[in-house]
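Written below as structure tokens is the structure these notes are about.
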Amino acid sequence: MIGDLLSALLDVATSEAAYINALTFAVFLAFGATGEWVAEKSGTLNISVEAMFLAAAFAAAVGMDRTGSQFTALLIGIGASLLVASVQAEMSHRLVANQFVVGLTLNILILGLASFLASELTFSTRKSDPVTIPILSDIPLVGQALFDRAWLFYLIYLVVPVCWWMVFRTRWGLELRSAGENPQSADVSGIDVNKRRRQGIYVLGVTAGIGGTYLVLAAVGQFEDSIVGGRGFIALTAVIFGGWTLRGTVAGCVLFGVVLSFRLSLPALGYEVSGDLLAASPFVLTILVMAIFAARVRSPNALAQPFIRGLK
Amino acid sequence: MSTGFDESEVDAISLTPGTGEHEDEPASTQSTTSRRLAVSGEVLVLYLICIAIALGLSALLVQVTGGSAGDVFNALLDGSFRKPGRIGLTIGVAVPLLLVALGTIISTKAGLVNIGQEGQVFLGAAFAAYVGTEMGGPGPLVIVALLIGGVVGGALWAGIAAVLKYRRNVPEVLTTLLLVTVGSQLVGYGLKNQWLLLAPAEGRSNRQQVSKQLTDDVRIPRITWFGNEFPISAFLALAIAALVALALASTVWGFRVRMLGQNPQTAQRAGVAAERYGGGAMMLSGGFAGLAGGAMLAGGDFGNYTLVPGFPSQIGWTGLLVALVARQRVIGAIFAALVFASLRTGSGFLAATGVERRVTDVVQGLLVLALLIPPALLFLRQQRRATAAAGDRT
């Protein structure tokens, strides 16, 4: 039994296709998770990533069909995702409505809207062509997975460092983090807490917009309303799994990408596997990590707590 | 989910802008009444405006995509209660929504954020399906047993989150949410294995994943009133609603739960064990969701008395929204459950208008968002006034 498992893992580890599959998922998750990490650093536990992904994927698919330009499609995708982000941000951090309610409602609303509009409009897209980076893509095993991809894929090499730099190397980032750690103190020192939190959600809107566009144009190639299928929650989970560090978050995305890709790569290599249990494993893993490392893993202090100035 | 703005609280803040203003007692009592009337009138207008905007946006969406908003509206009304027999269906859908919402009210009052009802409903339905198909004996006994099975399933699932919260300090928001997917995959696994839930190979097509069907005698009896047929679990739900309202408002247990929700520090000093009351409220909330799952399975308004993948079909999420829209009031939850249920049953009549039925999800989402706005606006205004008044005093 364990021998079987090991040989299965070895087969996967030496198959080029497995790396390609795993990174396709991982990068998609990482687009959402990086932005989600920024939002959570500012104190929002944002559960509408799912809606943002879906809105972007839908808008990008329509945009691609109507304009024929991938770049325009990307802008439209980001725009749609930002629209969702603006509802989330304004309602939960200007009107102080409960952030989970808003997020949950948005998830249902956008799923309904996307599948409704998808049945009303006709559009078709196809998978975009890879941009091969010479030499680097010749690295055995991982070369193709990392450097022979659609151009949208390479944006991840930009998104992650930029988010890190913004959060840890700018004044804005310091204020954002203080809004998530100790909003009362931040407020007293003149920081507009809710504004920083809204901005955190807008950053998520941009990255999730790229993620949704990447999903439909580079990973799947065709829009369907189950295209995101709960993976927004996995992106959210990756941040928690990573213990609210960017390093851990990205590692979580890669790990979950590998696990998700097992569903494709194990049967392709002739192994039988229970898809249900595999699909549940990112969540189980994250719960275990939280339970075991609860003392070491520290969430932002004011995570998911609304900030209301005044008599409290 | 401490929304923190109970209307009474809001009023209390608005009506006593400063604490040192008690000299003109008689005059202020008079103005209090008129002011309260003005405030409630304002609230009503605000709600109406927001609902109108939500419905207007939905109508616009239908018109732009080539449908007719009037037709859609009529079809929704026909499908939810105007056509004969539809009221019964709407009641049948409202039952699990109300049960889920009641559970949510309890956990929210205890200051807990349970957003995993969808999973708890599914686990409850799975436990109920197992009990209902495996246990022999007289029908009524099995019905009770399967409902209890549902309660146990949901409570266990929420219990995981409770244990992790009180023993390992893991936020229940995260665990309940994560357990939704784990739960649905777990039940999906059960539905692929015959020793758990999967029906025997004969009587179903090869790759279909369904449980055995509940036999006639273990289904919740349905009664007919004025041509409307609905399961008698509707009465059970109403009775439980009354019980929950009573328990929360006027028992020691309810008092302690509410104290825990409003101020955990005070509760601790008063000797309310957070673990016991909070954990209990969490498990009750899961149990109610599980009961909803059992009632869905045996009630007959959701499929064919069999468990299938995706069985909860958003009843858990919607039930949670019902509780929040009703702002943790039991009476409000009954009405909200009926409204949301009629959107769902009404959508069954949309095919005739040529408009995709998913449009009701949009209407429902917009309505919920719209209903969030007025209380938030009022709360912000009261907060501003109170801050200004406090500023005057210093």
Side-chain angles (χ1 to χ4, degrees), chain A residues 45 47 87 91-92 94-121 225 230 233-234 236-237 240 274-284 286-287 290-295 297 299 303-306 308-312, chain B residues 1-5 13 61 65-67 113 115 160 164 167-171 173-175 177-189 191-192 314 317-318 320-321 324-325 355-366 368-369 372-373 375-377 379-380 383-384 386-387 390:
Chain A
L45 188 65
I47 61 175
V87 175
M91 288 204 59
S92 57
R94 197 186 289 275
L95 284 177
V96 290
N98 185 293
Q99 51 187 279
F100 302 114
V101 188
V102 177
L104 208 60
T105 315
L106 278 173
N107 286 345
I108 296 175
L109 175 67
I110 299 297
L111 180 60
L113 193 61
S115 52
F116 171 69
L117 288 176
S119 69
E120 298 287 331
L121 306 172
D225 54 15
F233 289 121
I234 300 188
L236 162 73
T237 308
I240 307 162
S274 160
D276 293 308
L277 299 188
L278 263 185
S281 56
F283 300 98
V284 177
T286 304
I287 294 173
M290 283 196 295
I292 295 167
F293 299 111
V297 172
S299 62
L303 183 64
Q305 286 162 13
I308 302 148
R309 179 195 274 170
L311 307 173
K312 270 268 158 166
Chain B
M1 205 162 297
S2 161
T3 34
F5 25 87
I13 298 172
L61 179 72
T65 51
V113 191
I115 51 174
I160 299 177
L164 285 172
R167 287 291 149 83
R168 302 295 307 169
N169 218 3
V170 182
V173 195
L174 302 175
T175 37
L177 180 66
L178 297 180
L179 283 171
V180 172
T181 324
V182 180
S184 80
Q185 306 292 355
L186 200 65
V187 180
Y189 180 79
L191 282 172
K192 287 199 185 76
Q314 302 216 332
W317 299 127
T318 316
L320 167 59
L321 293 180
L324 295 159
V325 166
V355 176
E356 168 70 13
R357 61 185 298 168
R358 293 304 288 269
V359 78
T360 53
D361 283 354
V362 180
V363 179
Q364 182 186 310
L366 286 174
V368 174
L369 286 182
L372 287 176
I373 292 175
L377 276 180
F379 173 71
L380 275 186
Q383 196 76 26
R384 249 199 318 273
T387 318

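Letters A, B, ... are given to chains in the order of the sequence lines, protein chains preceding strands, and every chain is numbered from 1. Just so it is clear, the model here is predicted, and its values are computed rather than measured.
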> Of the backbone (N, CA, C, O) and the side chain (C-beta and beyond), which part of Leu177(B) lies under 4.5 Å from a heavy atom of chain A, both, or neither?
Replying inline: side chain

How far apart are the closest heavy atoms of [X] and [Y], and which atoms are they?
| X | Y | value |
| --- | --- | --- |
| Ala291(A) | Leu164(B) | CB-CD2, 3.5 Å |
| Arg358(B) | Gly112(A) | CB-O, 4.0 Å |
| Glu120(A) | Thr65(B) | OE1-O, 3.3 Å |
| Leu111(A) | Asp225(A) | CD1-O, 3.7 Å |
| Arg168(B) | Ile292(A) | NH2-O, 3.3 Å |
| Ala97(A) | Val102(A) | CB-CG2, 4.0 Å |

Between [options], who has the most heavy-atom pairs with chain A when the cutoff is under 4.5 Å?
| options | result |
| --- | --- |
| Leu321(B), Leu380(B), Val180(B), Val187(B) | Leu380(B) |
| Gln185(B), Gln314(B), Arg357(B), Lys192(B) | Gln185(B) |
| Val368(B), Thr181(B), Val363(B), Thr360(B) | Thr181(B) |
| Ile160(B), Val362(B), Asp361(B) | Val362(B) |

Contact class of [X] relative to chain B, heavy atoms under 4.5 angstrom:
| X | result |
| --- | --- |
| Ile47(A) | side chain |
| Ile240(A) | side chain |
| Asn107(A) | neither |
| Ile110(A) | neither |
| Leu117(A) | side chain |
| Leu104(A) | side chain |

>> At a heavy-atom distance under 4.5 Å, which candidate from Val87(A), Leu45(A), Thr286(A) has the highest pair count against chain B?
In response: Leu45(A)

> Heavy-atom distance under 4.5 Å between the side chains of Thr237(A) and Leu178(B), does that happen here?
Replying inline: yes

> Between Gln99(A) and Val173(B), is a side-chain contact (heavy atoms from CB on, under 4.5 Å) present by the stated rule, with each step listed?
Replying inline: CA-CA 12 Å; Gln99(A) 51 187 279; Val173(B) 195; over 6 Å; no

